[in-house]
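Notes for the one structure printed next.
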Amino acid sequence: MNAKIQQIRIEDYNYPLPDGQIAKFPLAQRDTSKLLLNKNGELSEHSFSDLPSLLPENSLLVFNNTKVIQARLFFYKETGAQIEIFCLEPYLPADYALSFQQTRTCEWKCLIGNAKKWKEGKLSAQIGTTTLTAEQTGNDGESYMVRFEWNNERMTFADILDAAGELPIPPYLHRRTEASDLETYQTTYSKIKGSVAAPTAGLHFTPAVFDALLERGIGNAELTLHVGAGTFRPVKTETIGDHTMHAETFSVSRRVLALLIYNLGRITAVGTTSVRTLESLYWIGVQLENNPDQSIFQVSQWEPYETTRQIPVEKSLQNIIDYLAKNGKENLQASTQIMIVPGYEFKLVDSIITNFHQPQSTLLLLVSAYLKSDWRTMYDYALAHDFRFLSYGDSSLLINETNRSL
């Protein structure tokens, strides 16, 4: 492990972000947002609708098609105390699709608001004629295991969340969820339920932008990474070596893996979640090179910096395709804790579409890694030219031609 990387100080990734430049709501028309092009350090200002003409020719755009769930459930004790249960990820069953299909009970890893008021016993809430109960079954650090039960087998847990849950908008918006967020805090192409936060770079895409991309012959592919609440967790340690990165699950199909091989050198990741998924694929392919019989796939936080053996990107992706074919699987299911920081060498991602991120965040570290640490000039420009920041804010297109795949 490179000691220099672990000693990166998070205070070097701080900047003043006035509250007035945090977008509290999206624009009425998604693709009228501003886009800052950073091409090899040269900055230029555009509208997001200009994106198709700014992308490198023959690009392949890679989207995260996850869908944000209405993950906040509210219960009231007999004393009147409100208890908020924030569903983070399924525990029993651990598979998202299976958990959403349950018709009597399931267990989730959750955050609990006002936890000191709920030490034991069951909470209950009415959803029409259906009674939903919640009971703590254990804890894991800051999170709790909660068993949900309901007395209506015609309702799945997905139905429960849709009927009673609240969409969890980012905490830094400092407002309650409104009805409009149900539409505006989802990408237009969201499909697979599981995230508790939107992949926000994708919020700018409209049917008109997709039509223009098609006219220019720019392809697209979809993968799924379910975004966890950890994406908002600030780095609270002085150096990044002491920060624990959150894990997120993802899925990529054999077809998309083949598309990636065909388009190596022309891959544009839409959002940091797509970046993390694409780069994690490389390290899983390296794992398979070392252990072809592996069956559980996890990329640890510092794996890219500790792995001494590297192989060509095409070989890495082919290893995954071969594994899936050999085992009769159509999709790779894996999890990643990858932490992309300055010093990381990108393997698959050639350019990035991303919003403007919080100070001292792992997402800002990722941007800095891609730009080869020249992030401050870009952020100073965005602040000086009234760009809107964070989830509902404006976006950027990052093209650094010094980043080249193996």
Side-chain angles (χ1 to χ4, degrees), residues 1-14 62 223 225 227-228 230-231 233-250 252 260 264 267 269 271-292 294 296-317 319-320 332 334-352 354 357-376 398 400-406:
M1 176 69 193
N2 187 327
K4 186 177 179 183
I5 288 175
Q6 287 207 333
Q7 291 305 309
I8 290 173
R9 299 184 311 161
I10 196 61
E11 68 182 39
D12 294 336
Y13 296 84
N14 199 5
V62 181
L223 44 76
L225 178 139
V227 189
T231 192
R233 186 181 301 147
V235 180
K236 294 182 179 179
T237 57
E238 286 188 20
T239 59
I240 63 167
D242 294 322
H243 177 74
T244 300
M245 193 69 177
H246 58 287
E248 292 169 321
T249 61
F250 68 86
V252 183
L260 294 174
L264 285 176
I267 296 171
T272 55
T273 60
S274 296
V275 172
R276 296 181 70 238
T277 305
L278 289 168
E279 293 300 313
S280 296
L281 288 174
Y282 174 78
W283 301 104
I284 287 173
V286 173
Q287 292 175 14
L288 282 166
E289 182 77 9
N290 297 327
N291 181 12
Q294 187 171 333
I296 297 175
F297 299 100
Q298 300 169 324
V299 179
S300 63
Q301 178 169 335
W302 301 113
E303 190 168 334
Y305 312 92
E306 296 170 340
T307 304
T308 54
R309 184 185 185 190
Q310 297 194 22
I311 59 178
V313 177
E314 183 174 353
K315 174 71 170 111
S316 175
L317 295 175
N319 284 348
I320 303 174
L332 172 74
S335 70
T336 184
Q337 278 184 287
I338 193 170
M339 190 170 181
I340 297 177
V341 302
Y344 180 85
E345 295 295 331
F346 285 81
K347 307 303 182 185
L348 275 82
V349 173
D350 299 289
S351 49
I352 302 173
T354 189
H357 303 293
Q358 293 183 86
Q360 300 189 98
S361 64
T362 58
L363 304 182
L364 185 55
L365 287 166
L366 183 153
V367 168
S368 177
Y370 179 81
L371 295 176
K372 304 297 188 190
S373 295
D374 183 26
W375 66 273
R376 197 175 291 276
L398 314 179
N400 182 356
E401 292 174 340
T402 66
N403 286 309
R404 281 289 175 247
S405 303
L406 286 176

Distance col, row Glu306:CD vs Ser300:OG, nearest 0.5 angstrom, shows 6.0 Å
- Task: Taking Glu279 for its side chain and Arg276 for its backbone only, find out whether a donor-acceptor pair lies under 3.5 Å.
- Result: no
Scanning both residues in full, the closest heavy-atom pair of Tyr344 with Pro304 reads CE1-CB, 3.6 Å
Closest non-hydrogen atoms of Ile284 and Ala334, given as atom of the first, atom of the second and distance, are CD1-CB, 3.6 Å
Quiz item: Hey, is the main chain of Leu364 close enough, under 3.5 Å, to the side chain of Ser368 for a donor-acceptor pair?
Solution: no
Q | Thr239 backbone acceptor or donor facing Thr237 side chain under 3.5 Å | A | yes
Query raised in the report: Side chains of Leu366 and Ile352: closer than 4.5 Å at any heavy-atom pair?
Result: yes
Separation between CD1 (Ile267) and CG (Leu260), nearest 0.5 Å, reads 4.5 Å
Correct closest heavy-atom pair for Trp302 and Ile5 would be CZ3-CG2, 4.2 Å
Do Ile240 and Gln7 pass the side chain to side chain contact (heavy atoms under 4.5 Å, CB included) test, and can you show the C-alpha distance, the side-chain angles, and the key distance before you say yes or no? CA-CA 7 Å; Ile240 63 167; Gln7 291 305 309; over 6 Å; no
Original post:
Cut-off 3.5 Å, side chains only: do Lys236 and Gln360 have a donor facing an acceptor?
Top reply: no
Carboxylate-amine/guanidinium proximity below 4.0 Å for Glu238 and Arg9: no
State, with a plain yes or no, whether a side-chain heavy atom of Ser316 is found less than 4.5 Å away from one of Trp283. no
Could you check whether any side-chain heavy atom of Met245 comes within less than 4.5 Å of a side-chain heavy atom of Ile338, counting everything from C-beta outward? no
dist Met339:CE -> Thr244:OG1 (nearest 0.5 Å) comes out at 9.0 Å
*asked:* So does His357 get a backbone contact from the side chain of Ser361, meaning a donor-acceptor N/O pair under 3.5 Å?
replied: no
Worksheet item: Quick one: are Leu332 and Leu281 in side-chain contact, heavy atoms under 4.5 Å?
Response: yes
**OP:** Evaluate side chain to side chain contact (heavy atoms under 4.5 Å, CB included) for Leu225 paired with Val227, printing each intermediate quantity in order.
**Re:** CA-CA 6 Å; Leu225 178 139; Val227 189; 4.2 Å; yes
task = Verify side chain to side chain contact (heavy atoms under 4.5 Å, CB included) between Phe250 and Ser280, making sure each step is shown before the conclusion.
result = CA-CA 10 Å; Phe250 68 86; Ser280 296; 4.0 Å; yes
The reported gap from NZ in Lys315 to CG in Leu288 (rounded to nearest 0.5 angstrom) is 9.5 Å
Q.
With heavy-atom distances below 4.5 Å as the criterion, would you say the side chains of Glu345 and Gln310 are in contact?
A. no
CD1 (Ile320) and CD (Gln287) are apart, to the nearest 0.5 Å, by 9.0 Å
### Task
Would you kindly say whether Glu248 and Gln337 are connected by a side-chain donor-acceptor distance under 3.5 Å?
no
Tightest non-hydrogen contact, residues Tyr370 and Leu398, listed as OH-O, 3.4 Å
With His243 as partner, the option from Ile10, Ile8, Thr362 fulfilling side-chain contact (heavy atoms from CB on, under 4.5 Å) is Thr362
Rounded to the nearest 0.5 angstrom, the OG1-CD distance for Thr336 and Gln301 is 10.0 Å
Using a 4.5 Å cut-off on heavy atoms from C-beta on, say whether the side chain of Thr354 contacts that of Val275.
-> no
Side-chain contact, heavy-atom cut-off 4.5 Å: Lys372 with Asn400? yes
Polar side-chain atom of Tyr282 near backbone of Ile311 as donor-acceptor pair, under 3.5 Å: yes
- prompt: Can Tyr305 and Gln6 be counted as having a side-chain donor-acceptor contact under 3.5 angstrom?
  reply: no
Closest non-hydrogen contact found for Tyr13 with Pro342 is OH-CG, 3.3 Å
Nearest heavy-atom approach of Leu223 to Ser274 is CD1-OG, 4.2 Å
| said: Let's go through Leu278 and Val62 carefully: what are the C-alpha distance in whole Å and the side-chain angles of both, what is the deciding distance for side chain to side chain contact (heavy atoms under 4.5 Å, CB included) to 0.1 Å, and is it a yes or a no? | reply: CA-CA 9 Å; Leu278 289 168; Val62 181; 4.1 Å; yes
*Are any non-hydrogen side-chain atoms of Gln298 and Ile296 less than 4.5 angstrom apart?*
yes
